[in-house]
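Naming convention: chains lettered A, B, ... in sequence-line order (proteins, then strands); numbering from 1 in each chain. Fair warning: this is a prediction, and the values are worked out from it, not measured in the lab.
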Amino acid sequence: MKKSMENIGSGQAQNQPENTARRQFMVGSAAAGGGLVLGMHLPFEIAPGIAPAAAQGAAASEINLWVVVRPDETCVIRIARAEMGQGTLTGLAQLVAEELECDWSKVATEQITPGQNLARKRAWGDMSTSGSRGIRQSHDYVRRGGAAARTMLLQAAAEEWKVPVGELSVANGVITHAGSNRKTSYGKVATAASKLTAPDPKSITLKPIKDWKIAGKPLRRIDGTMSKLNGSKVYAMDVKLSGMLHATVRECPVFGGRLVSFDDSKVKGMPGVKKVFRLNDITVAVVADTWWRAKKAMDALPVVWDEGPNAKVTSASIDAHLRTGLTSDDAFADINTGDAIKAIAAAPRKVEAVYRAPFTSHTTMEPMNCTVRLTADKAELWIPTQSAEASMAVLSSSSGMPLDKCEVYAMDLGGGFGRRIGSQDVVRQGVAIAREFPGVPVKMLWTREEDQAHGLYRPIAMARLSAGVDAQGKLAGLHVRVSGQSINAFANPAAIKEGRDRRQLQGLWDTLEGDAQIGYTHSNLRTEYAMRNTHLPVGPWRGVNTNQNGIFLECFMDEVAKLANRDPLEFRRELMSERPKHLGVLNAVAEKSGWGKPLPKGVFRGIAQFMGYGSYSAAVAEVSVSGKGEVKVHRMVFALDCGNYVNPDQVAAQIEGSVAYGMTTLHSEISVDAGRVVETNFHNFRVMKIAEMPKVEVVLPVTGDFWGGVGEPTICVVVPAILNAIFAATGKPVHNLPLSKQGLTLV
Amino acid sequence: MFQLNINGRVHKVDAEPDTPLLWVIREQVGLTGTKYGCGVAQCGACSIHLNGEVVRSCLLPVSAVKPGDRIVTIEGLSRDSSHPVQKAWAELDVAQCGFCQSGQVMAAAALLRKKPKPTDKDIDEAMSNICRCGTYHRIRAAIHRAAGTKTAAADVATDAGNTTV
């Protein structure tokens with residue numbers, strides 16, 4: 001049982017050169033084996049779950065859930081979370097290896113499948129990867145897993161040598177008994193260790209973080225780096241199975257519309273086309289022997305849609321709908337300290353502004369796809385997913401196959417950003433297609449156009465903010481009204497309690513609960529939310545609602561500071577005395593950026609701070625704006641306090657990445673015309689490229705007494721810091737995005 | 001039937017003449033390192049070398065490829081992942097999800113062949129490939145590292161090491 005478990009999982013094993021070499025062999029054999037390659041179907045398969053067991057080596061010993069040791073001293077660390085570029089796999093392995101005291105150069109990893117997790121009553125815990133939770137919600141039990149395995153390996157050596165285990169020491173997987181000058185290794189005692197009873201995890205004392213040697217260090221990634229650079233990494237889009245067919249789908253372009261009819265006589269005779277059919281009330285599917293042929297037939301297929309009640313909706317009509325929420329009396333107040341409205345009314349100077357943050361899309365580089373094979377007694381799914389267990393649940397419910405006869409091979413994702421966590425819409429479609437071809441694997445791949453048109457968009461939001469400033473230039477009161485679409489109303493209505501959807505105020509909460517606390521306290525403070533839903537499907541998008549709320553609060557803060565004739569940094573500091581960690585990153589970024597010191601002519605600074613995902617972020621942007629409205633971001637400095645840094649270099653990489661992801665929203669939005677999404681591909685959904693990328697510097701202040709997230713937190717300060725620098729440069733606040741709405745262009 | 005020289009091997013493939021080279025490479029030849037990202041030559045995930053020039057293969061019909069043309073895909077860039085671009089990318093841990101990186105590496109290798117010591121401006125102009133993980137900062141540094149022009153490579157080292165951990 002133990003060995004076969006490893007073999008199943010290690011189809012996805014990564015990291016070590018031998019695994020890369022195996023993939024190279026398998027991919028290479030396509031070219032080598034077929035000096036002249038003929039026909040459509042290749043005589044081999046590339047997919048996890050079906051890799052030949054012989055390739056994995058024999059006699060591996062499972063010490064516990066997290067650690068498998070091979071006779072060649074390789075320590076295989078099990079990973080239950082998804083890797084989509086964010087580096088979680090490497091960080092989790094570092095945490096286990098730290099406690100295991102193994103040789104880092106001999107660490108390999110393997111992905112746990114949800115079928116394996118289910119078979120062991122979810123012993124590996126939650127497998128979902130979103131909300132920057134991959135490490136911060138599993139660091140404790142994976143470290144205990146590594147420590148328990150170390151204890152068992154030492155115990156096995158002690159029993160073999162008949163010495164007290166307390167007399168042994170271990171380093172880099174080598175166990176030493178100093179008294180008798182004997183040495184052995186993990187590989188040698190693994191079999192004996194695997195038969196021992198595991199210690200109670202609660203009895204284990206974890207290493208003090210100050211003693212870390214592997215965790216906390218900027219080690220190189222181990223998720224198959226070279227395989228990403230030589231073409232051998234197999235993404236879900238690359239899965240090949242014997243006899244596999246290919247599908248593509250088209251869903252009614254207007255949300256809420258439906259499929260009336262299609263004329264398959266036009267495409268049935270096209271080369272390779274196997275089937276054209278109604279997948280459900282809103283979707284038509286084409287299946288062919290290659291994807292290109294399926295796509296070509298779909299392009300040629302005449303389809304009649306009933307576009308339904310939303311066919312006349314436009315971005316302008318959506319904006320008008322949201323605007324009603326800026327002043328309506330249906331909002332609820334979340335923070336309501338003192339009387340902000342009265343204090344503002346009484347203040348000698350006041351300012352009010354309306355901000356808008358539009359819809360945007362995830363646009364993962366790997367378009368939505370999955371491969372499904374349904375046989376009489378098994379349902380299998382290959383998919384890039386942020387939640388393999390959610391994927392398996394939908395595989396089961398939509399195929400009718402009980403969970404214990406389902407399996408999901410969760411492939412490393414070609415980007416996730418929140419798109420691949422929630423609805424599992426792709427799985428439903430993949431199963432509906434595979435049902436038409438029993439026993440035959442079918443890979444469904446969306447076109448980029450389908451991907452843009454049927455996203456789970458970051459919800460649109462507006463905010464009306466007002467503030468008063470007293471005679472001393474201090475804040476008299478602040479009132480924030482957010483109006484916009486609710487993710488929960490679309491995806492999880494049960495989370496809305498008594499009609500109050502607090503989630504849309506993420507980052508403006510007054511307590512630490514929820515991990516997104518507002519950075520300011522004041523005696524007159526009021527935050528409100530008015531729900532204004534649209535017909536677009538919405539979902540979490542890297543940073544979720546901290547993005548919109550970060551822009552609203554932090555940009556408005558600069559408007560208030562200007563009214564008060566105060567420095568934006570000083571003005572913020574005054575309101576942050578009760579928020580030491582927020583203040584800590586603000587001060588760190590101010591110092592590192594040289595806030596207040598002279599800049600080259602024409603360059604201006606903007607600053608912002610915000611909290612999300614349990615971590616504290618601040619940024620300073622240095623920006624120039626030309627007479628033609630060309631915005632150049634020269635340099636950004638970030639401070640992120642996520643408590644403990646498992647891999648500082650990967651933390652820096654996530655911050656760098658958040659800059660590009662955030663800055664794309666300066667270029668582009670998802671807009672709506674005739675009920676459908678306008679931005680269908682990269683020609684009209686402009687994505688930030690290398691030429692616009694600023695220099696990025698990172699400061700990681702040490703506090704070390706908590707575990708915060710990394711993948712998302714900094715994105716919410718990227719845009720407000722830049723917009724505040726534009727405000728400083730032009731004197732005009734930026735109230736709307738993308739920048740083109742105000743005659744500006746990012747260059 | 002088309003005859004294609006890919007990575008030094010001749011493949012005979014049966015495909016409609018308008019089939020993009022990308023899909024012939026992926027589906028008929030079976031080399032999946034070259035990615036589909038947009039299908040409209042905007043993102044660069046499908047970048048290959050055609051007679052030494054970087055080309056986006058998703059819009060190039062297979063019928064436009066002549067029998068004598070030399071096609072190199074990411075799998076054929078080097079025998080053992082030893083191309084200076086691949087090495088520099090690995091040393092700086094450029095890749096995050098990695099999906100776009102085949103195309104990024106091919107574009108960078110073509111740039112360096114033309115301009116062995118590219119300036120930042122050269123990089124801005126040549127590297128129009130899209131990366132949604134946002135690895136641009138390190139791509140720039142890795143190109144300089146591969147070229148032996150150290151400037152930005154030092155930047156990344158400074159930034160990543162700029163932690164007080």
Side-chain angles (χ1 to χ4, degrees), chain A residues 27-28 30-31 35-38 40 42 84-86 216 218 220-221 225-226 228-235 237-238 240 271 290-292 363-366 413-415 447-448 645 648-649 652-653 656-661 681-683 687 689-691 693 695-702, chain B residues 6-7 9-14 16 19-20 23 27-40 42-43 45 73-75 77-78 81 86 89-90 93 95-102 105 123-124 127-128 130-140 155 159-160 162-165:
Chain A
V27 173
L36 291 174
V37 179
L38 299 169
M40 295 299 173
L42 297 154
M84 52 196 137
Q86 84 284 30
R220 299 273 74 84
R221 298 175 68 110
T225 292
M226 202 46 91
K228 298 172 187 172
L229 307 176
N230 62 20
S232 64
K233 186 175 180 73
V234 178
Y235 297 86
M237 189 201 275
D238 307 325
K240 294 173 192 166
T290 71
W291 186 78
W292 174 254
T363 314
T364 58
M365 286 310 296
E366 181 187 18
L413 299 81
T447 59
R448 173 61 62 196
Y645 306 87
D649 188 50
E656 293 156 19
S658 76
V659 174
Y661 210 68
N681 205 322
F682 292 115
H683 67 287
V687 169
K689 294 184 180 176
I690 199 169
M693 183 78 190
K695 188 174 185 304
V696 176
E697 295 169 38
V698 171
V699 191
L700 305 177
V702 178
Chain B
I6 301 176
N7 301 334
R9 290 179 183 273
V10 176
H11 298 259
K12 284 190 177 165
V13 297
D14 192 7
E16 289 77 69
T19 310
W23 292 101
E27 302 200 297
Q28 269 93 334
V29 180
L31 297 174
T32 54
T34 308
K35 303 302 186 199
Y36 166 74
C38 70
V40 292
Q42 290 279 322
C43 78
T73 70
I74 186 70
E75 291 89 347
L77 182 66
S78 66
S81 305
Q86 290 167 315
W89 248 243
D93 247 345
Q96 291 187 27
C97 89
F99 190 84
C100 75
Q101 298 294 347
S102 297
V105 166
I123 293 171
D124 288 347
M127 298 295 293
S128 59
I130 290 172
C131 171
R132 288 292 276 161
C133 295
T135 61
Y136 300 126
H137 194 58
R138 293 182 189 220
I139 287 175
R140 184 185 302 283
D155 285 347
D159 293 348
N162 217 341
T163 63
T164 45
V165 172

Grab the two heavy atoms, one from [X] and one from [Y], that are nearest each other, plus how far apart they are.
{"X": "B:Gly37", "Y": "A:Phe682", "result": "O-CE1, 3.9 Å"}
{"X": "B:Cys38", "Y": "A:Asn681", "result": "O-ND2, 3.0 Å"}
{"X": "B:Ser81", "Y": "A:Asn230", "result": "OG-ND2, 2.9 Å"}
{"X": "A:Leu229", "Y": "B:Gln86", "result": "O-NE2, 2.9 Å"}
{"X": "A:Pro271", "Y": "B:Glu16", "result": "CB-OE2, 3.6 Å"}
{"X": "B:Gly98", "Y": "A:Tyr235", "result": "C-OH, 2.9 Å"}

May I ask you to test the [X]-[Y] pair for a side-chain heavy-atom distance under 4.5 Å?
{"X": "A:Thr225", "Y": "B:Asp93", "result": "yes"}
{"X": "B:His137", "Y": "A:Val659", "result": "no"}
{"X": "A:Thr290", "Y": "B:Trp23", "result": "no"}
{"X": "B:Gln96", "Y": "A:Lys228", "result": "no"}
{"X": "B:Lys35", "Y": "A:Asp238", "result": "yes"}
{"X": "A:Thr447", "Y": "B:Tyr36", "result": "yes"}
{"X": "B:Arg132", "Y": "A:Thr364", "result": "no"}

Residue, of B:Thr135, B:Ile123, B:Thr34, B:Thr19, that accumulates the most heavy atom pairs under 4.5 Å with chain A: B:Thr19
Option in B:Ser78, B:Cys100, B:Cys131, B:Ser128 with maximal non-hydrogen atom pairs under 4.5 Å from chain A: B:Ser128
Most contacts with chain B, counted as non-hydrogen pairs under 4.5 angstrom, among A:Ala660, A:Gly657, A:Gly415: A:Gly657
B:Tyr136 side chain vs A:Glu656 backbone, donor-acceptor pair below 3.5 Å: no
Under 3.5 Å: donor-acceptor pair, side chain of B:Glu27, backbone of A:Trp292: yes
Reported [atom1]-to-[atom2] distance for the pair [X] and [Y], which is rounded to 0.5 angstrom:
{"X": "B:Cys133", "Y": "A:Met365", "atom1": "SG", "atom2": "CE", "value": "9.0 Å"}
{"X": "A:Lys240", "Y": "B:Thr32", "atom1": "NZ", "atom2": "OG1", "value": "4.5 Å"}
{"X": "B:Ile130", "Y": "A:Ile690", "atom1": "CD1", "atom2": "CD1", "value": "12.5 Å"}

Engaged part of A:Met84 at the chain B interface, taking heavy atoms whose separation is under 4.5 Å: backbone
